Trainee: 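I am attaching a structure below and will ask some questions about it afterwards.
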Amino acid sequence: PRPAVNAMRSIAKGFDELNADRRAMKEQAQASALHWIQYVAQASIGSVSADAVRADHGRTAGQETLTNVARANAAPTTHGDPAKLAGLVDLEFVASSARPQEPAMLRRVFVQGVSNAIAQRLANGPSLLATGLAVRAHGVSREGDAVLPVTVVRDEGGNLRYTDDSGAAGMPGPRWLARKAGATRDSIDDEMRGARILMEDELMANRVPVTAIATDSNDNASK
């Protein structure tokens, strides 16, 4: 009967609208969490205007301000990792010091200064690249777990800075990032290319498992 058909259509429409509302709420919550992490990073580290970034031939990705990641560009040493900075998404990875072209493996994602509930939303997106946040990567060698003296930082617009102290004093030849790009001699262009491969092709290209995300917070978000 037509009344029954109309009733079923009305119920189905109601479910569709309810699901659409739920999706919108989830998307809003996700955007708010990522915006909060960005806010904490810029409040902690500092920011640069989009105009200043463009004047330096950088990319802005539609942002009005970007995190000043230059202040986070410090390589780890034998004394430990670079100091944690609130809001900065720290990627800790394992890679071969002898064979840099082997893909690095993400080991942990650490965000200081935000709750676990907020940080774990990094696992909701298709990739870390999709979050559009400021990120820093540093790691250890697969050969013996020694510290790799390499750091790469990436801001919300995709602009990179790096420190590579892997070259031995007085020894010729490319440093670790240049070797990751397949270079046989050292050059800034090759090092930058290696830095982008490390960040965008290896560490940030995939979804992050929630179990890999940690913070300095003691809230009880489930993992």
Side-chain angles (χ1 to χ4, degrees), residues 56-59 61 66-67 69-85 88-111 122-123 125-214:
D56 197 32
H57 307 290
R59 301 182 290 184
L66 293 92
T67 303
V69 294
R71 296 183 178 178
N73 184 20
T77 69
T78 54
H79 300 293
D81 294 338
K84 302 296 187 202
L85 298 167
L88 183 67
V89 180
D90 265 306
L91 310 183
E92 301 174 10
F93 66 88
V94 179
S96 173
S97 56
R99 297 176 297 279
Q101 286 186 283
E102 292 182 1
M105 300 295 294
L106 183 64
R107 183 162 74 174
R108 190 171 80 139
V109 177
F110 186 89
V111 190
L122 296 174
S127 69
L128 276 174
L129 277 175
T131 66
L133 295 173
V135 174
R136 175 173 61 182
H138 53 88
V140 297
S141 171
R142 194 172 287 136
E143 295 88 7
D145 217 34
V147 170
L148 273 174
V150 174
T151 289
V152 181
V153 289
R154 183 183 189 275
D155 68 17
E156 299 91 335
N159 305 294
L160 300 181
R161 292 178 182 267
Y162 66 87
T163 297
D164 186 344
D165 294 334
S166 63
M171 295 292 290
R175 294 186 292 185
W176 192 84
L177 285 173
R179 290 162 58 207
K180 176 166 279 293
T184 56
R185 59 181 183 179
D186 221 8
S187 79
I188 292 175
D189 286 346
D190 287 325
E191 288 179 351
M192 184 60 75
R193 193 157 54 90
R196 199 164 293 281
I197 290 170
L198 174 69
M199 294 296 274
E200 297 179 0
D201 295 347
E202 297 176 359
L203 300 180
M204 299 180 67
N206 299 310
R207 184 185 296 272
V208 180
V210 70
T211 52
I213 300 171

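Numbering starts at 1 and runs along the sequence shown. Predicted model only: the values in this text are computed from it and were never measured.
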Trainee: Compare all side-chain heavy atoms of Pro82 with those of Arg136 and state whether any distance is below 4.5 angstrom.
Mentor: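 A side-chain contact under 4.5 Å exists here.
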Trainee: Only one of Asp164, Val135, Leu198, Ile197 clears side chain to side chain contact (heavy atoms under 4.5 Å, CB included) with Val152; which?
Mentor: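 Between Val152 and the candidates, side chain to side chain contact (heavy atoms under 4.5 Å, CB included) is satisfied uniquely by Leu198.
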Trainee: What pair of heavy atoms forms the shortest contact from Asp186 to Ala178, and how long is it?
Mentor: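 Heavy-atom minimum between the residues: OD1-CB, 3.6 Å.
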Trainee: Evaluate salt bridge (Lys or Arg N to Asp or Glu O under 4.0 Å) for Arg196 paired with Glu202, printing each intermediate quantity in order.
Mentor: CA-CA 9 Å; Arg196 199 164 293 281; Glu202 297 176 359; over 6 Å; no
Trainee: Using atom types as modelled and distance alone, determine if a side-chain donor or acceptor of Asp56 lies under 3.5 Å from a backbone N or O of Gly58.
Mentor: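 Between the backbone of Gly58 and the side chain of Asp56 there is no qualifying donor-acceptor contact (under 3.5 Å).
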Trainee: At their closest point, which heavy atom of Val153 faces which heavy atom of Ala72, and how far apart are they?
Mentor: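 The pair with the smallest heavy-atom distance is CG1-O, 3.8 Å.
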Trainee: Measure the spacing between CZ of Phe93 and CG of Leu106 and express it to the nearest 0.5 Å.
Mentor: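 Result: 10.0 Å between the selected atoms.
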Trainee: What distance do Leu88 atom CG and Arg71 atom CZ have between them, rounded to the nearest 0.5 Å?
Mentor: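 If I round to the nearest 0.5 Å, the distance is 13.0 Å.
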Trainee: Roughly how far, to the nearest 0.5 Å, is the CG atom of Asn206 from the CG atom of Leu129?
Mentor: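 It is 9.0 Å, given to the nearest 0.5 Å.
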Trainee: Thinking salt bridges, do Glu191 and Arg185 make one under a 4.0 Å N-O criterion?
Mentor: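 No.
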Trainee: For the CG atom of Leu91 and the CG atom of Leu128, what is their distance to the nearest 0.5 Å?
Mentor: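 Taking CG in Leu91 and CG in Leu128, the distance rounds to 6.0 Å.
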Trainee: Would you give the length of the straight line joining atom CG of Asp90 to atom NE2 of His138, rounded to the nearest 0.5 angstrom?
Mentor: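 Nearest 0.5 Å value for the CG-NE2 distance: 4.0 Å.
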Trainee: Side chain of Arg59, backbone of Gly158: donor and acceptor closer than 3.5 Å?
Mentor: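 Side chain of Arg59 to backbone of Gly158, a donor-acceptor pair under 3.5 Å: yes, one is there.
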Trainee: Between Ser97 and Leu148, which heavy-atom pair has the shortest distance, and what is it?
Mentor: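 Looks like CB-CD2, 3.8 Å.
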Trainee: What are the two closest non-hydrogen atoms of Ser187 and Asp190, and how far apart are they?
Mentor: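 Result for this residue pair: OG-OD2, 2.9 Å.
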Trainee: Just to verify, what does Thr163 make a side-chain contact (heavy atoms from CB on, under 4.5 Å) with, not counting sequence neighbours?
Mentor: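 side-chain contact (heavy atoms from CB on, under 4.5 Å) list for Thr163, sorted by chain: Asn73, Ala75, Asp165.
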Trainee: Which value, rounded to the nearest 0.5 Å, describes the distance between Leu66 atom CG and Asp155 atom CG?
Mentor: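 Rounded to the nearest 0.5 Å, the CG-CG separation comes out at 5.0 Å.
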Trainee: May I ask you to decide if Ala74's main-chain N or O and Thr151's side chain share a donor-acceptor pair within less than 3.5 Å?
Mentor: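 Checking the backbone N and O of Ala74 against the side chain of Thr151, a donor-acceptor pair under 3.5 Å is found.
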Trainee: Measuring only between side-chain heavy atoms, which start at C-beta, is Val210 closer than 4.5 Å to Leu122?
Mentor: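 Not in contact.
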Trainee: Shortest non-hydrogen contact from Val69 to Arg154?
Mentor: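 Between these two residues, the closest heavy atoms are CG1-O, 4.0 Å.
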Trainee: Search all heavy atoms of Glu156 against all heavy atoms of Ala61 and return the closest pair with its distance.
Mentor: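 Heavy atoms only, the tightest pair is O-CB, 3.8 Å.
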Trainee: Show, in sequence, the C-alpha distance, side-chain angles and deciding distance for Ser96 and Glu143, and conclude whether the side chain to side chain contact (heavy atoms under 4.5 Å, CB included) test is met.
Mentor: CA-CA 6 Å; Ser96 173; Glu143 295 88 7; 2.6 Å; yes
Trainee: Between Asp81 and Phe110, does a side chain to side chain contact (heavy atoms under 4.5 Å, CB included) hold up when you go through it step by step?
Mentor: CA-CA 12 Å; Asp81 294 338; Phe110 186 89; over 6 Å; no
Trainee: side-chain contact (heavy atoms from CB on, under 4.5 Å) with Arg207: which residues, sequence neighbours excluded?
Mentor: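 side-chain contact (heavy atoms from CB on, under 4.5 Å) list for Arg207, sorted by chain: empty.
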Trainee: Out of the candidates Arg179, Lys180, Arg142, only one should pair with Glu102 under the salt bridge (charged side-chain N to carboxylate O under 4.0 Å, His left out) rule; please name it.
Mentor: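 Filter result, single survivor: Arg142.
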Trainee: Report, as yes or no, whether the 6.0 Å neighbourhood of atom CZ on Arg193 holds more than 12 heavy atoms from other residues, nucleotides or ligands.
Mentor: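 Enclosed.
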